[in-house]
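A, B, ... follow the sequence lines: proteins, then strands. Residue 1 opens every chain.
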Protein chains: 2
Amino acid sequence: MPKKVDAEARRREVVEALFRVAVREGLARASLRTVADEAQLNIGSLRHYFDSQLELMRFAMRAMLDRVAARVQARLDRLDPAEQRDERVRDAVALLAELLPLDETRRDEVTVFVDFAALSRTNPDLRDLAAEAAAGTRGAARAVLAHVTGTAPSTTEVERLTSLVDGLGLNAVLHPDLVSSADAERVLTAHLTSR
Amino acid sequence: MPKKVDAEARRREVVEALFRVAVREGLARASLRTVADEAQLNIGSLRHYFDSQLELMRFAMRAMLDRVAARVQARLDRLDPAEQRDERVRDAVALLAELLPLDETRRDEVTVFVDFAALSRTNPDLRDLAAEAAAGTRGAARAVLAHVTGTAPSTTEVERLTSLVDGLGLNAVLHPDLVSSADAERVLTAHLTSR
DNA sequence: CCGAATGTATCACAGCTGTGATAGAACGGG
DNA sequence: CCCGTTCTATCACAGCTGTGATACATTCGG
């Protein structure tokens with residue numbers, strides 16, 4: 001099979017370029033041309049790796065979702081019910097903090113995700129990914145509450161924690177002057193401590 | 001002063017048209033042409049009332065923000081510290097519920113606001129309005145917590161409530177199958193009851 | 001009644017967008 | 001070496017976008 005370049009690596013580079021554009025100028029500005037320019041690729045080359053704008057968008061969003069899901073899952077696997085409560089709360093915060101903009105990587109993820117979530121409302125071709133992400137967050141919240149309290153949480157408590165995390169991420173990204181990343185983590189800690 | 005039509009009324013009609021388009025297809029699709037069509041106006045006429053797309057956008061967002069702020073303020077003015085705690089919680093929920101999609105009007109507002117908030121991140125010409133809205137929500141949350149607990153709340157508690165409300169609105173609008181409007185109100189009630 | 005303000009309507013233009021089509025170049029297996 | 005796959009690169013096209021300019025109609029004050 002004739003092949004010079006690593007197609008997988010190229011696709012990843014393109015996705016990174018899309019993320020840079022989306023963070024800098026918004027997801028709406030991440031057109032094939034701007035992403036190609038950012039990746040220092042000809043638009044024709046880009047289209048060799050992604051047949052359409054939709055395919056690129058979906059691939060990039062899936063890459064982001066999978067990356068976050070993997071981090072969350074790794075923390076889920078390491079939860080130890082035998083630990084002291086303080087420690088359990090700390091682990092719980094660290095787990096959900098994977099969804100908060102506590103470092104540059106996560107900030108970029110949350111930033112792009114906000115645009116993506118808004119876009120998915122009116123774009124049928126992205127709805128399934130958004131729904132998957134929303135379900136994943138609720139699963140994590142449920143697991144975290146169970147880990148902290150030792151009992152199965154109510155759907156109300158699950159939604160309370162989920163919406164709190166989503167709101168914190170949203171505000172920390174949109175209004176960093178009002179809500180710093182540290183603030184967001186503090187609020188999350190306060191919430192889980194009081195459960 | 002020669003005048004046939006009520007310019008103020010026309011502007012309001014245009015804003016309503018913009019809202020319908022934004023709710024249906026997203027704020028990004030609310031171009032001068034689509035809004036003019038929706039308002040059954042010629043684009044030339046529309047531009048007679050709004051010189052530019054930015055002016056229209058700012059006017060529409062300001063109209064929405066003012067309307068919500070007026071409703072919140074009205075409820076703030078009616079808060080009675082002498083009431084029983086149950087009643088105070090109910091009033092508190094009703095106040096912040098002005099920011100939740102509990103009826104069609106509020107649903108449309110929250111829906112458009114989500115798009116607007118995301119857009120404002122990368123659009124300098126809209127940032128001030130978004131900042132004003134964010135500050136307003138925090139003021140309402142602070143007042144609500146003070147009313148329920150009888151003491152001045154910490155910034156952490158204010159942000160916890162603010163982000164919870166924002167997250168609930170976001171999720172109720174983006175994932176109504178996961179979070180109904182009634183769910184959102186239930187969660188808010190649970191939170192304020194436990195304060 | 002007539003001129004100016006107000007409102008309605010078109011056209012044109014540059015700048016984007018996604019995408020179809022096409023043409024070569026680079027590469028490696030046979 | 002040669003042929004087919006892979007990759008890079010361009011052009012063209014229709015469809016949007018905001019906006020400047022312009023023309024015309026309507027309305028009303030003086």
Could you check whether B:Ser180 and B:Asp183, counting side-chain N and O atoms only, form a donor-acceptor pair closer than 3.5 Å?
yes

The residue among B:Thr155, B:Thr137, B:Thr162 that forms side-chain contact (heavy atoms from CB on, under 4.5 Å) with B:Arg142 is B:Thr155

Carboxylate-amine/guanidinium contact A:Arg160 A:Glu157, below 4.0 Å:
yes

Salt bridge (Lys or Arg N to Asp or Glu O under 4.0 Å) between B:Arg11 and B:Glu55, worked out:
CA-CA 11 Å; B:Arg11 288 183 145 231; B:Glu55 192 190 326; 3.0 Å; yes

Taking only nitrogen or oxygen atoms into account, show me every contact under 3.5 Å that the protein makes with nucleotides 16-20 of chain C, one pair per line with its distance.
unit_1 : atom_1 : unit_2  : atom_2 : d
C:dT17 : OP1    : A:Ser31 : OG     : 2.6
C:dG18 : OP1    : A:Leu32 : N      : 3.2
C:dG18 : OP1    : A:Gln53 : OE1    : 3.4
C:dG18 : OP2    : A:Leu32 : N      : 3.1
C:dG18 : N7     : A:Arg33 : NH1    : 2.6
C:dG18 : O6     : A:Arg33 : NH2    : 3.0
C:dT19 : OP2    : A:Gln53 : N      : 2.8
C:dT19 : O4     : A:Arg33 : NH2    : 3.3
C:dG20 : N7     : A:Arg47 : NH1    : 2.9
C:dG20 : N7     : A:Arg47 : NH2    : 3.2
C:dG20 : O6     : A:Arg47 : NH1    : 3.3

Given C:dG7, is OP1 or OP2 found less than 4.0 Å from the side-chain N or O atoms of B:Ser45?
no

Atom CZ of B:Arg10 and atom P of D:dT26 are separated, to the nearest Å, by 15 Å

Whole Å only: how far is the CG atom of A:Asn42 from the P atom of C:dA25?
15 Å

Whole angstrom is fine here: how far is it from OH in B:Tyr49 over to C1' in C:dA5?
13 Å

Rounded to the nearest angstrom, tell me the gap between atom NE2 in B:His48 and atom C1' in D:dC24.
14 Å

So does A:Glu83 pair up with A:Arg90, basic N to acidic O under 4.0 Å?
no

Rounded to whole angstroms, how far apart are CG on B:Leu41 and P on C:dT8?
7 Å

Measure from CD on B:Glu8 to P on C:dT6 and round the result to the nearest Å.
14 Å

Atom-pair distance (CZ on A:Phe50; P on D:dC7), nearest Å:
13 Å

Run the salt-bridge test on A:Arg88 and A:Asp91 with the 4.0 Å N-O cut-off and return the result as yes or no.
no

